[in-house]
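For reference, the structure is listed below as structure tokens.
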Amino acid sequence: MEQRRYPGHNHWFYESQTSPRTSQAAPLVPEAAHINDRFLLGLQQEAHALQSLLHVNQPALLAARDLSQVLFPDSLTPTLSHTLTLYDRLSTALTVAQVAGVQRLCNHYSARLNPLPGPDSSHESNNRLTQITQYARQLAMQPELINAASITALDVVGLSEPDIVTLNQLIGFVCYQARVVAGLHALQGSPVRWLPGIPLPPDAGSAGFGQAQRWQPTLKPLELRYASAEQLAAITLCQPYHELTEAKWLLAHDPAALYGWIILRQRLETQQFNQLAQAACERILGSRWAFQHFPQAEALIASVDEAVSDEEQRQIVTLAAQLTRVPERFSAAQLQPLMNRGWKMETLFALIQSVALSNWNSRLYYALGEAR
């Protein structure tokens, strides 16, 4: 069959639907593709009141920016074992950004995706992109929908084990990025724009929480005898994290993403109050294995919204729940109760970053080790 490529694609909710036309409609904000900082996406230049805050958090922000370059480079050459194209990656990022509803991300990934040639018009290519898009939307919106059949479906359309690991990493990264950006918008008092009437996905069911869980990879982990020097270096960096004893050999299929993820974790300071917020994220998203590392948060199992009696802790949980469930609606109103208690901008941003990272980690752990 003749392989045909069309330069035009509709880059919104149905990325797999080709548009056989000779010219492609320009993105709404074409300049969003040419931003130097592809993590904050221009916020650093706009948020004048937050410059000192961004400066203090520069190490973590630089790690996130470096990781964005790793996951979404300017150019990419697929190989036999790493078949995801740059179009696949940016299309997935746009899908996740749309689920999060953060317009700044949608503008950026849409503008970057626009000039790229999409896959050929064969049934196989169309089905492959459809499966990738569906998987990305489900993991970003409601991780509990992901199961072993979801992973198998990716394998059936030709994704390799390294491809599936990379796909989950970049979905997690954009979920993290969306919540950091939404948090900074709230800190600078930006207005929130959202469409009413869209139902929220329910929280994960309570079954299985509070029980001992073991993380078991859903894919075949990397074998030591086949590990490259880059993979071994990334695995070595994971040594202080005992919870990654089994996961690191699976995540090492994409050593660059694993290395960047660990560096980011190292640069984000974990404070005691953040643990309750992290547990709320794990409970909402359904990561039972990760939740068990917070035994003090068992009250969240029955209900995240009504579990905590202490007023300050309740406000922390409320903030974490809002940022996890609907980042596009996250505003200064969610920060005000803690600010009234004397919380500083630096402490609030640390909490926001912790919630954002938990949104990444929960999806990664669940999809690659808990999906049944």
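Being a predicted model, the structure only gives us computed values, none of them experimental.
- Closest of all the heavy-atom pairs between L219 and I151 is CD2-CG2, 3.6 Å.
- In this structure Q313 satisfies the side chain to side chain donor-acceptor pair (under 3.5 Å) test with no other residue, sequence neighbours excluded.
- Under the 3.5 Å distance criterion, the side-chain polar atoms of R112 are matched with a main-chain donor or acceptor of F72.
- Within the 3.5 Å criterion, the main-chain N or O of H185 finds no donor-acceptor partner in the side chain of Q188.
- With R288 contributing its side chain and E282 its backbone, the two residues share no donor-acceptor pair below 3.5 Å.
- Every residue two or more places apart in sequence or in another chain that forms a side chain to side chain donor-acceptor pair (under 3.5 Å) with R128 is listed here: T83, D88.
- Nearest heavy atoms, L86 versus P73: CD1-O, 3.3 Å.
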Side chain to side chain contact (heavy atoms under 4.5 Å, CB included) evaluation trace for Q103 with E328
CA-CA 8 Å; Q103 191 61 46; E328 76 272 23; over 6 Å; no
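- Atom CD of Q169 and atom CH2 of W261 lie 6.5 Å apart (nearest 0.5 Å).
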Walk me through whether L67 and L71 qualify under side chain to side chain contact (heavy atoms under 4.5 Å, CB included).
CA-CA 6 Å; L67 196 47; L71 294 172; 4.2 Å; yes
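- The backbone N or O of N361 sits nowhere less than 3.5 Å from a side-chain atom of R363 that would complete a donor-acceptor pair.
- Every side chain to side chain contact (heavy atoms under 4.5 Å, CB included) that L348 has, sequence neighbours left out, goes to L187, L335, L338, M339, W343.
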Apply side chain to side chain contact (heavy atoms under 4.5 Å, CB included) to residues M345 and S52 and explain how you reach the verdict.
CA-CA 10 Å; M345 286 280 200; S52 60; over 6 Å; no
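- Heavy-atom minimum distance, A297 versus A279: CB-CB, 3.5 Å.
- Atom CG of N340 has more than 12 neighbouring heavy atoms from other residues, nucleotides or ligands inside a 6.0 Å radius.
- Side-chain N or O atoms of Q292 include one that pairs as donor or acceptor with a backbone N or O of Q213 at under 3.5 Å.
- Here the closest non-hydrogen pair linking I171 and A136 is CD1-CA, 3.6 Å.
- A 6.0 Å sphere centred on CD of E243 holds more than 12 heavy atoms belonging to other residues, nucleotides or ligands.
- The side chain to side chain donor-acceptor pair (under 3.5 Å) test applied to S150 returns N147, not counting sequence neighbours.
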Under the side chain to side chain contact (heavy atoms under 4.5 Å, CB included) criterion, do I132 and S91 qualify, and how do the steps go?
CA-CA 9 Å; I132 291 173; S91 175; over 6 Å; no
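- By the 30° and 60° cut-offs, the orientation of the rings of H293 relative to W289 is perpendicular.
- With sequence neighbours excluded, the residues satisfying side chain to side chain contact (heavy atoms under 4.5 Å, CB included) with Q266 are L237, Y241, I262, I263.
- For M141 against P201, the heavy-atom pair with the smallest separation is O-CG, 3.5 Å.
- A chain of hydrophobic side-chain contacts below 4.5 Å, direct or via other Ile, Leu, Val, Met, Phe, Trp or Tyr residues, connects L159 to L76.
- Here the CG-CD distance, from N359 to Q177, works out to 13.0 Å after rounding to the nearest 0.5 Å.
- When each of V174, L129, L170 is checked for a side-chain contact (heavy atoms from CB on, under 4.5 Å) with T92, only L170 meets the rule.
- Between the side chains of D305 and S303, no donor N or O sits under 3.5 Å from an acceptor N or O.
- Put simply, the side chain of R65 never gets that close to the backbone of F39: no donor and acceptor are under 3.5 Å apart.
- Once rounded to the nearest 0.5 Å, the distance linking CG of L222 with CG of L232 reads 8.0 Å.
- For residues 152-162, the pairs satisfying side chain to side chain donor-acceptor pair (under 3.5 Å) are S160-D163, with sequence neighbours left out.
- R314 places no side-chain N or O within donor-acceptor distance of the main-chain N or O of S309, the cut-off being under 3.5 Å.
- Proximity of a side-chain donor or acceptor of S358 to a complementary backbone N or O of C281 within less than 3.5 Å is not detected.
- Separation of the Y365 and F291 ring centroids does not fall under the 6.0 Å cut-off.
- Note: the hydrophobic cluster containing V70 also contains L251 (ILVMFWY, side chain heavy atoms under 4.5 Å, direct or indirect links).
- Taking the six-membered ring wherever Trp is involved, the centroid distance between the rings of H253 and W249 does not fall below 6.0 Å.
- Of the possible donor and acceptor atoms, one in the side chain of Q51 sits under 3.5 Å from a partner among the backbone N and O of A47.
- Listed for the Q216 side chain is no donor-acceptor partner under 3.5 Å among the backbone atoms of G369.
- Annotation for T166 and R89: closest pair CG2-NH2, 3.6 Å, computed over non-hydrogen atoms.
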